[in-house]
Amino acid sequence: MVYRLSLLLLKNTQDAEDAAQTIFLKVMEKQPVFADEEHTRAWLLTVTRNYCRDVQRSFWHKKRTDMEDLPEQTVEPFDRQESLLFEIFQTLPKKQREVVYLYYFEEYSIKEIAKLLERNESTVQSQLFAARKRMKKQFSTAKTAALIVCLVFTLGFGGIAVDAASGGRTATAIHTVTEKIQTSIHRLLSDEDKQIANETVTLPIQVYASDLVGVNDEYILLANERGLLIYDRSREEITAVLDLQQMECNYLNANSIATRIFIDNDKLYLFNETGIEQRAGKEESASLPKFAYICDLSKLSEQTALEDVVVADGNQKLNTNSTSDKTSDNNGYLTCTTAAEEIRNIRDLWLNYEKNHIYDTFDSFYGSDFLNEDNEKYYDMNYSRNSLSWINNSGKNMLSCLVVYENSDYELYTKHEDGTLTCEKLELTVRTSTDDNNPSHSSGYSEQTSDAQTTDGQLNGDAAGNTTKTSALLPNFSYTGDDPVLATICTYMMESDESQGYYRSSEASVYIPAPVIYDSVSVGEDLIVFCNLWSYCYYRNGNTLECESGGESPARLRLHPDADAPGGYEVIEDIRTGDGSDYYEGIKDFCKDYPGMADKYFNYDESTIDTRESIRTTLIRMYVQDNGLNIKYYKDYGWDPVPVS
């Protein structure tokens, strides 16, 4: 153990041998008393680390390294299998090498390593994360592929003596690293899965971060209105993707319907609960869900083809010819059931899960470091609305929540039984084959006539192949109907700097007017139009236009025939109301010469709302059809999605 750590830190067999001799001479001289074997190991590791640090700092060591042109040595600590691992480990920076060695070879926990190295647990966790990420890059080389073959071979036919000498730690470490190497090479997401994952990660955050819908020692599950990502914690990458829009299970901030997602043992369940406004506390919902999805997480170790999950005739079933009440994809990973008794049992599981595992994040993490001194969130981050309690493999209670930053960096914060807080950075960036072939390529939305053929892009890649958040541009709105008055007002609103500047937040969003015309009065050849200039801006979320901002502006417009456009008009007068206390007075003022006109502005009954939404839907449908967009819904935050067609 002492020799191995010395070799890892000093990168030289002669120096490592000298270190081992010197350290054990100190043991003989001091004859320290140890409480147990673990105390002995910890003392030796600390002494070895300190000795090697002193050697590296010494004048003669630096001078010799500077003066001698030493060739790289093939490290042979005990046998070939350790040598292969050390060859990879030695590409890491010194601090990362220490953490990797203690974690994999000596099987110390993050907390124990932090104590040994006198570092914060979060620092150790970050260094281990960075080391894994760096090593993963090594695994893509042909040389590493050869190392894997050698590792697998030697694991099967050799290494018995050295494994016995190391107390089983060598084989454990090699098995662990080999498994990570193999899975990182063979576990591949399809480009469609990667695209959904990227759209899920980069979806703009309006109020709360993505929902944390499941967490255990193996996986972290997060979901939003685009998709659900299953993140493998040991491999530090997304291992599976569910297209929640295609499954019609993306009601995560709707009004009258809610998608419930939770883990029970190795099963992931998804179903839509309706009548939620009628359910008080933990009472049952008004009606039984019509279907439920069941994902077998134990099959994630197999090659999984999730592209078979489709919506058939709006019934949220898998693509199958089966007529039974349970259908599944080709490998049984994902099952859809319509059996009433099974769905009732799943819903009962949810009610129990909701009661015992879901907590309000602000209350649960009050005073955490992702909140400022006033316990308010920082401007560049959002946290998940709910946090989840779970039990780790050691039987300890954990409480976790998600924190997401503006640059789409995701972190899992976990509160432990003793009150300590740890932060785990999640590597959620994935690359498509397009990125691999052309890292600088900017992939935009590719509209198709068939929804099933659509693959839309949202990312740019830099020279290193890293993806950055750049939502795909949507085309500008243009009124193409046959109503000359509505055409004039829409064009006028589109050209208004006030409307564009106030509501539109980025080039990736689209501004779509929805003016409500209450009445019009002819004055000579002019037309006085009484209207409310509703404006909305949308960004794209897969098959949905999500409303990011909007507002109204009651106005009285004077339209004059446009000499350059026969049958058309131009706006020659624009009178608006004010804000606050001036709102009502302003409307009354520009309607004072037209009896009863002001009342039309102040009528807030259901028919008025229906009229406004009808105009909004009509203009969005026009926009979608004119541009051939694969858009099925538009949605306001917290409300149900509205079909475009």
Side-chain angles (χ1 to χ4, degrees), residues 474-504 509-538 545 547-579 583-584 586-594 596-604 607-627 634 636 642 644:
L474 287 166
N476 289 328
F477 170 83
S478 178
Y479 180 83
T480 57
D482 54 7
D483 185 331
V485 174
L486 195 56
T488 299
I489 295 176
C490 285
T491 301
Y492 177 72
M493 294 175 66
M494 287 293 298
E495 294 174 349
S496 169
D497 290 337
E498 178 183 359
S499 296
Q500 290 278 21
Y502 185 77
Y503 294 117
R504 189 167 177 177
S509 60
V510 59
Y511 171 87
I512 301 180
V516 178
I517 299 175
Y518 298 121
D519 207 344
S520 61
V521 177
S522 296
V523 180
E525 61 178 356
D526 292 349
L527 197 64
I528 305 296
V529 180
F530 297 87
C531 55
N532 196 339
L533 306 182
W534 285 89
S535 301
Y536 301 93
C537 276
Y538 305 88
L545 289 179
C547 183
E548 65 177 358
S549 62
E552 60 169 334
S553 183
R556 191 187 85 184
L557 304 179
R558 188 181 185 100
L559 276 58
H560 183 76
D562 188 351
D564 297 328
Y569 295 91
E570 61 178 334
V571 177
I572 61 173
E573 184 181 53
D574 181 354
I575 302 175
R576 307 283 182 101
T577 189
D579 296 326
Y583 181 87
Y584 292 99
I587 294 174
K588 291 177 181 179
D589 186 56
F590 64 61
C591 291
K592 64 183 178 181
D593 297 328
Y594 303 88
M597 192 66 72
D599 295 337
K600 297 181 179 181
Y601 285 87
F602 303 142
N603 183 9
Y604 298 112
S607 63
T608 303
I609 297 175
D610 289 344
T611 299
R612 185 183 75 209
E613 288 305 308
S614 176
I615 293 172
R616 184 182 180 187
T617 303
T618 298
L619 294 180
I620 291 177
R621 183 185 302 120
M622 177 188 297
Y623 170 73
V624 169
Q625 292 176 350
D626 288 347
N627 293 282
Y634 71 87
D636 295 336
V642 179
V644 171

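Remember, it's a predicted structure, so these values are computed and weren't measured experimentally.
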Task: Aromatic contact, Y601 with F590 (centres under 6.0 Å) - done: yes
Open item on the list: Between T617 and E613 (side chain of the first, backbone of the second, donor and acceptor by atom type, cut-off under 3.5 Å), is there such a pair?
Closed with: yes
Open item on the list: If you define the side chain from C-beta out and look only at heavy atoms, does anything of F602 sit under 4.5 Å from I587?
Closed with: yes
TODO: Determine the sole option in I620, V624, I512 for which the side-chain contact (heavy atoms from CB on, under 4.5 Å) test with Y634 is passed.
DONE: I620
Task: Atom pair OH/OG of Y538 and S509 - distance to nearest 0.5 Å - done: 11.5 Å
Task: Other residues, nucleotides, ligands: >12 heavy atoms within 6.0 Å of D610 CG - done: yes
TODO: Could you go through the side-chain contact (heavy atoms from CB on, under 4.5 Å) check for V523 and R558 one step at a time?
DONE: CA-CA 9 Å; V523 180; R558 188 181 185 100; 3.7 Å; yes
Task: Atom pair OG/CG of S520 and L557 - distance to nearest 0.5 Å - done: 11.5 Å
Task: Note: R616-D636 ion pair, threshold 4.0 Å (strictly below) - done: yes
- [ ] May I ask you to test the I489-I517 pair for a side-chain heavy-atom distance under 4.5 Å?
- [x] yes
- [ ] Search all heavy atoms of M597 against all heavy atoms of V521 and return the closest pair with its distance.
- [x] CE-CG2, 4.4 Å
Task: Closest approach of N476 to Y623 (non-hydrogen atoms, all atoms of both residues) - done: O-CE1, 3.8 Å
Open item on the list: Would you say that C490 contacts L619 through its side chain, given a criterion of any heavy-atom pair below 4.5 Å between the two side chains?
Closed with: yes
Task: Shortest non-hydrogen separation from M493 to P515 and the atoms involved - done: SD-CB, 4.0 Å
Open item on the list: Can a donor-acceptor pair be found, under 3.5 Å and without considering hydrogens, that links the side chain of S496 to the backbone of Y492?
Closed with: no
Open item on the list: For S535 and Y511, which I'm curious about, is there any donor-acceptor pair between the side chains at under 3.5 Å?
Closed with: yes
TODO: Could you tell me which non-hydrogen atom of P554 sits nearest to which non-hydrogen atom of N532, and how far apart they are?
DONE: N-OD1, 3.3 Å
Task: Distance in Å, Y583 OH paired with K588 NZ, rounded so as to fall on 0.5 Å steps - done: 12.5 Å
Open item on the list: Quick check for you: to the nearest 0.5 Å, what is the distance between I575 atom CD1 and R556 atom CZ?
Closed with: 3.5 Å
Task: Spatial distance of atom CG (D562) from atom CD1 (I572) [nearest 0.5 Å] - done: 11.0 Å
- [ ] Please name the pair of heavy atoms, one in F477 and one in V510, separated by the smallest distance, quoted to 0.1 Å.
- [x] N-CG2, 4.1 Å
Open item on the list: Check whether R621 reaches the backbone of V644 with its side chain - one donor and one acceptor, N or O, closer than 3.5 Å.
Closed with: yes
- [ ] Output the distance between atom OG1 (T488) and atom CG (L559), rounded to the nearest 0.5 Å.
- [x] 5.5 Å
Open item on the list: Between I528 and Y594, is there a side-chain heavy-atom distance shorter than 4.5 Å?
Closed with: yes
Open item on the list: Any non-hydrogen side-chain atom of R612 less than 4.5 Å from a side-chain atom of W534?
Closed with: yes
Open item on the list: On a heavy-atom basis, which atom in C531 and which in L533 lie closest, and how many Å separate them?
Closed with: SG-CD2, 3.6 Å
Open item on the list: Are T491 and M494 packed together at the side-chain level, in the sense that at least one heavy-atom pair is separated by less than 4.5 angstrom?
Closed with: no
